[in-house]
Amino acid sequence: MLRTPEVLRRTGGQPVKSIVFDQATIAARVEALGAEITEAYPDGDLLVLGLLKGSFIFLSDLVRTIQRPIQIDFLVAASYGDAKLSSGSVRLLYDPETRLEGKHILLVEDIIDTGKTMQRLMKLLGPRHPRSMAICTLLDKELATEIRPELRFVGFRAPPAFLVGYGLDHAENYRHLPFIADLE
Ligand code: IMP
Ligand code: MG
């Protein structure tokens with residue numbers, strides 16, 4: 001268990017098991033992802049769509065490393081229905097106000113676990129006729145499920161642990177940690 005004053009001040013006394021990705025490691029990887037994204041979209045309108053709330057810190061760092069014109073919007077999704085049924089769906093609590101038609105859409109997520117959320121979102125947004133649609137996730141747990149969507153840009157492979165920080169929460173706490181930690 002990690003009980004440094006830096007950690008304990010921020011968590012209110014809750015130790016974390018370990019810091020999995022520190023600030024410098026994250027910053028370097030985000031910079032490289034930004035360069036990849038810049039190169040991948042030589043032309044056309046690019047709309048960066050962040051999934052709230054988890055992606056808010058990652059997205060704000062990422063967009064500042066992208067060296068081309070972009071637009072930014074967010075969406076808030078809620079899953080409902082039996083999670084085990086493929087008929088389960090995702091509902092938008094906040095729908096992007098920007099038109100998607102004819103634009104490259106880059107969906108930005110904090111972490112992909114089963115991939116269900118993203119898979120359903122792609123299905124939902126597809127009929128709006130974007131020019132292309134791709135996923136950028138900071139973390140990928142690499143669970144092999146049938147519904148796994150294609151992940152075009154991935155920051156890090158994540159260990160099979162419960163991670164918090166840099167946008168990721170546990171019961172809405174710890175999103176503000178500047179590093180990514182294993183809580184257990
Ligand atoms: P999926 O639909 O199974 O891919 O679930 C992805 C969502 O689960 C993410 O947007 C997160 O909100 C949440 N999630 C999955 N793993 C973790 C974790 O380790 N820490 C925090 N949230 C997680
Ligand atoms: Mg999330």
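Note that ligands are numbered from 1 as they come in the structure, with each ligand's atoms numbered from 1 the same way.
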Exercise for the section: Spell out, as yes or no, whether a donor-acceptor pair under 3.5 Å connects the side chain of Asp45 to the backbone of Gly102. Expected result: no
Exercise for the section: Measure the shortest side-chain to side-chain distance between Leu33 and Thr65 over non-hydrogen atoms and say whether it is less than 4.5 angstrom. Expected result: no
Fill in the blank from the handout: The atoms of ligand 1 lying under 4.0 Å from a heavy atom of Asp169, numbered in the order shown, are 21 (C)
Practice task
Under 4.0 Å from a heavy atom of Leu163: give me the atoms of ligand 1 that qualify, with their elements.
Solution key: 18 (C), 19 (O), 20 (N), 21 (C)
Problem - Glu184 (side chain) donor-acceptor with Phe162 (main chain) under 3.5 angstrom - result: yes
Exercise for the section: Answer yes or no: does an N/O atom from Met118 fall short of 3.5 Å to an N/O atom of ligand 1? Expected result: no
Practice task
Please tell me if the side chains of Leu138 and Phe156 come closer than 4.5 Å, counting only heavy atoms from C-beta onward.
Solution key: yes
Fill in the blank from the handout: Out of Asp182, Thr117, Thr137, the nearest non-hydrogen contact to atom 2 (O) of ligand 1 is supplied by Thr117
Problem - Residue from Ile72, Leu125, Leu59 passing side chain to side chain contact (heavy atoms under 4.5 Å, CB included) with Leu49 - result: Leu125
Handout entry: Within-shell test, Gly54 vs ligand 1, heavy atom, strictly < 4.0 Å
Key = no
Exercise for the section: Report, in ascending order of atom number, the atoms of ligand 1 lying under 4.0 Å from any heavy atom of Glu109. Expected result: 9 (C), 10 (O)
Practice task
Verify, without hydrogens or angle tests, whether His104 (side chain) and Ala134 (backbone) share a donor-acceptor contact under 3.5 angstrom.
Solution key: no
Exercise for the section: List every atom of ligand 1 that sits less than 4.0 Å from any heavy atom of Asp110, numbering the atoms from 1 in the order shown and giving each element. Expected result: 9 (C), 10 (O)
Exercise for the section: Measure the distances from the heavy atoms of Ala158 to every atom of ligand 1 and state whether one is below 4.0 angstrom. Expected result: no
Problem - Phe162-ligand 1 polar pair, N/O distance under 3.5 Å - result: no
Exercise for the section: Mark yes or no: Arg152 above the aromatic ring of Tyr41, with NZ or CZ under 6.0 Å from the six-membered ring centre and no more than 45 degrees from the axis. Expected result: yes
Completion exercise
Taking only non-hydrogen atoms of Ala161 and a 4.0 Å limit, the atoms of ligand 1 in range are 19 (O)
Completion exercise
Among Arg120, Lys141, Lys53, Arg175, closest by heavy atom to atom 16 (N) of ligand 1 is Lys141
Exercise for the section: Could you grab the distance from atom CD1 of Ile70 to atom CG of Leu62, nearest 0.5 Å is fine? Expected result: 7.5 Å
Handout entry: Close approach, Leu51 and ligand 1, non-hydrogen under 4.0 angstrom
Key = no
